[in-house]
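Comments concern the structure below.
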Amino acid sequence: MTLRKRLYILICMLMGLLYVGLIGIQLAVSRSHLEAQLLDHAYDVGVAYAEAISPLMVADNVRAAERLAESVLRKASFKAVEVTDKFGASLLRRESVSDDGQYPGWLAYLMPFDLPEVVVDQDLITDRMIRVGIEVNPARLYEMLWNALVGSVWWLLLLTIVAQVLVSLAFNRFITALLDVEKTALNVASRRFTPITEDTPFQEIASLSAAMNTMVQNVEAMVQEQTSLADRLRDEAFTDMVTGLSNRRAFEARLKSVVREPDSCDFGALLLIRVDGLKPVNDRSGIQAGDRVLAEIANVVRDAFTFHEKRLVARVSGTDMAIFVPCAELKDVKQECEKLSAGLAQVPARTDQRVAAYVGASVYADRRDISELMAIADGALRTAQQKGPFAWSLSAIDNIETRKWTYNTETWRSLIDRALTTRSVVLVEQSVVNRERHLVHREVFVRISDEQGELIPAGVFLPVVDRFGLGTELDRLVLETVMQRLDGQRQDHEPYAVNLSAASVVSPEFLDWLYSAFLVSPHYAAGLIIEVSEYVLQTQFEAVKLLFQRLRALGVGTSLDHFGIGFATIGYLHSLAVDYVKLDGSYIRGIAENADNRNIIRVFTEVSRGHEITMIAESVENEEDWRTVLGLGVDGGRGILFGRPEEVRAEIPIPAFE
């Protein structure tokens, strides 16, 4: 029962007790007053009657005295009139025809009257004496008491209504002040630090509000400090302070992680960018001038391959920067090298410094050792330096055109259209477990088949899907496939986590369909977790924020995938309604020997605990790494240690969801 109801009931009980007490006191006072008044009236009537019948009794006209007695009974509230002589012998007696009155019987039961007979002695002129006795009728007394009680009750009811209105107004003001405190406390628990601004006339509530506002400020400062610490630790460990790019350590760790991902491409490109003439700039204009040149070059490098979600950009040495792009097509590499060289050529004019830059690219068609990729790219870089300032050169480790799935645009379009039209996508699931290795949910990956029926990794075909603008169609097909599976499963089945593309996150038509599906079939909400990658979060933050808020209101779980790979700040978590954050595998692989990663993950888990977010470690491959992340406070994991991805094909055609 709410406080409001409890207080209302208490107030009503107190008012009821007060009213019962007031009515009881009023009845007692009225009874005494009316009793005395009635007896006085009876005495006066008795005296008047005795004087009136004196001459009649002298004349022995008893009949006339009886008629006069009947008249007294009709006009007064008496039960009987009796005249006796001095010896007590009755001379006449008349009684009222009825003693009933307009009052409830329980009143006489609760308040019985024992009224004495009023006796008046009268001496006659014949030396005789008569005695007149008047018996008071209690029905009249009860009737007067009842009328007084009814009138009092009506007045009390009127006063009750007025009092309830006044109490409700004051009470609502009081409750509103308490609700403001409650709302603020809940906001703090959800990491929304909104102070109480409403004034209250209640001193105690005002003091409580002031204390709550102080707590809000202190907790907000603590959370901001903790968040800043996490970002600062990560920046110090993995970010180059001059350019804002990843440093060599972060680049190599992420490069190893991407290359080892089972869903990644077997092909791609590695580019090296080298700056010449930086030392003369430092000697001539100072180190700050050299840093400005590096920052300008970094801005140009950062704009390359922006359409590739998993590209990695870093400063790998004093004068070298690198770009790794998995799944890069040869024609895209050539186009980006041309753009990159053209952008670098404008740096001297913007900085007013005589520097040169060169680009060397290595393109591979099969997974290779990182050191080999770097060596080939360095050779291409030396070739570019021989060509002249701002030149570029490309070397292919393998014949890039002979790799698997080297399709032209028409073939790719045909394969993707066939998969969407025939609804023949294949879902692959991998378990996400908690600290006790119990299944929490299943993460869903999508595959399509080539012309020979072999499954194409998502890292190969998804960039093509995005290029064709078919991301929302594919996402909808995947979701409909999962929804169809949910229709055939029990209600307590572990949910599926499905990743959305950036195109779906910003598509009004897709989102309207998604929200409608959850409203029409609420059991989908319990069976689905909607994920977005950190790349989508960084590029479409407001859209993701609104999406997660709407999904949480519908009871749908939310998740952030590959967190940390794009250097999104921990502050993003402050305003996101997210249930799960999945730490990128580059932080997890080999974490037992990596102190920097351990420190960062420890801070991540502390921040997530404050936001009530479940932290999941991706790419857990061995027991040593698993024990390490558990010791750092991670809540669960996904990786081959708990089971490899399993293909699950649909048994029947999947109907479109209308």
Side-chain angles (χ1 to χ4, degrees), residues 182-183 186-192 194 427 429 432 434 439-446 471-563 572-582 608 611-616 635-636 654-658:
E182 178 191 24
K183 181 180 178 181
L186 293 175
N187 286 339
V188 170
S190 302
R191 293 303 184 266
R192 295 190 299 272
T194 306
L427 299 187
E429 304 170 356
V432 176
N434 60 17
L439 182 63
V440 176
H441 61 262
R442 294 177 171 85
E443 189 162 348
V444 176
F445 307 94
V446 62
T472 56
E473 293 185 37
L474 181 62
D475 287 347
R476 177 163 175 170
L477 177 56
V478 171
L479 282 168
E480 288 176 350
T481 306
V482 175
M483 289 174 179
Q484 184 251 1
R485 190 170 302 163
L486 288 172
D487 287 335
Q489 293 174 342
R490 62 182 188 276
Q491 295 297 316
D492 59 347
H493 192 275
E494 290 79 8
Y496 296 96
V498 178
N499 206 301
L500 296 186
S501 64
S504 297
V505 168
V506 297
S507 170
E509 294 79 10
F510 174 85
L511 295 178
D512 287 344
W513 167 81
L514 182 63
Y515 299 145
S516 298
F518 289 129
L519 290 172
V520 172
S521 302
H523 69 281
Y524 292 154
L528 276 170
I529 297 171
I530 301 299
E531 285 189 349
V532 299
S533 69
E534 186 188 272
Y535 171 79
V536 176
L537 175 68
Q538 288 185 285
T539 56
Q540 303 293 343
F541 176 75
E542 291 300 328
V544 172
K545 179 180 177 181
L546 180 60
L547 169 66
F548 280 7
Q549 289 174 346
R550 290 286 303 273
L551 291 175
R552 172 164 285 189
L554 292 169
V556 184
T558 55
S559 176
L560 189 59
D561 199 20
H562 292 303
F563 186 77
Y572 279 142
L573 304 182
H574 174 68
S575 55
L576 278 182
V578 62
D579 299 304
Y580 298 92
V581 168
K582 297 180 177 179
S608 68
H611 289 79
E612 298 182 352
I613 297 172
T614 300
M615 275 284 177
I616 303 295
D635 302 300
I654 301 166
F657 187 91
E658 297 297 336

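Values reported hereafter were calculated over all heavy atoms of this structure, with side chains retained and with hydrogens, waters and symmetry mates removed.
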Problem - Presence of salt bridge, Arg485 and Glu480, under 4.0 angstrom - result: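 Answer for the salt bridge query: no.
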Roughly how far, to the nearest 0.5 Å, is [atom2] of [Y] from [atom1] of [X]?
{"X": "Phe548", "Y": "Ser559", "atom1": "CZ", "atom2": "OG", "answer": "7.0 Å"}
{"X": "Leu554", "Y": "Gln549", "atom1": "CG", "atom2": "CD", "answer": "12.0 Å"}
{"X": "Thr481", "Y": "Leu486", "atom1": "OG1", "atom2": "CG", "answer": "11.0 Å"}
{"X": "Asp512", "Y": "Ser507", "atom1": "CG", "atom2": "OG", "answer": "8.5 Å"}
{"X": "Glu531", "Y": "Leu560", "atom1": "CD", "atom2": "CG", "answer": "8.5 Å"}
{"X": "Leu479", "Y": "Tyr496", "atom1": "CG", "atom2": "OH", "answer": "13.0 Å"}

Handout entry: From CA spacing to verdict: side chain to side chain contact (heavy atoms under 4.5 Å, CB included), Asn434, Asp635
Key = CA-CA 6 Å; Asn434 60 17; Asp635 302 300; over 6 Å; no
Handout entry: Stepwise side chain to side chain contact (heavy atoms under 4.5 Å, CB included) check, Ile616 with Val581
Key = CA-CA 6 Å; Ile616 303 295; Val581 168; over 6 Å; no
Any side-chain heavy-atom pair of [X] and [Y] under 4.5 Å:
{"X": "Ile530", "Y": "Leu500", "result": "yes"}
{"X": "Val556", "Y": "Phe518", "result": "yes"}
{"X": "Val482", "Y": "Leu427", "result": "yes"}
{"X": "Leu474", "Y": "Val446", "result": "yes"}

Exercise for the section: Check Val536, Leu537, Thr472 against Val505 for a side chain to side chain contact (heavy atoms under 4.5 Å, CB included) and give me the one that passes. Expected result: Val536
Fill in the blank from the handout: Only one of Asp579, Thr558, Val578, Leu528 passes side chain to side chain contact (heavy atoms under 4.5 Å, CB included) with Leu551, and that residue is Thr558
Exercise for the section: Mark yes when over 12 heavy atoms from residues, nucleotides or ligands other than Arg550 sit less than 6.0 Å from its CZ; otherwise mark no. Expected result: no
Kindly give the heavy-atom pair with the smallest separation between [X] and [Y], and that separation in Å.
{"X": "Asn499", "Y": "Ser533", "value": "OD1-N, 3.9 Å"}
{"X": "Ser504", "Y": "Asp475", "value": "OG-OD2, 2.5 Å"}
{"X": "Tyr524", "Y": "Met483", "value": "CE2-O, 3.5 Å"}
{"X": "Ala526", "Y": "Pro495", "value": "O-CB, 3.7 Å"}
{"X": "Glu494", "Y": "His441", "value": "CB-CA, 4.3 Å"}

Practice task
Assess whether side chain to side chain contact (heavy atoms under 4.5 Å, CB included) is satisfied between Arg476 and Trp513, documenting all intermediate values.
Solution key: CA-CA 9 Å; Arg476 177 163 175 170; Trp513 167 81; 3.3 Å; yes
Handout entry: Candidate pair Glu443 and Asp561, rule side chain to side chain contact (heavy atoms under 4.5 Å, CB included), full reasoning
Key = CA-CA 10 Å; Glu443 189 162 348; Asp561 199 20; 3.7 Å; yes
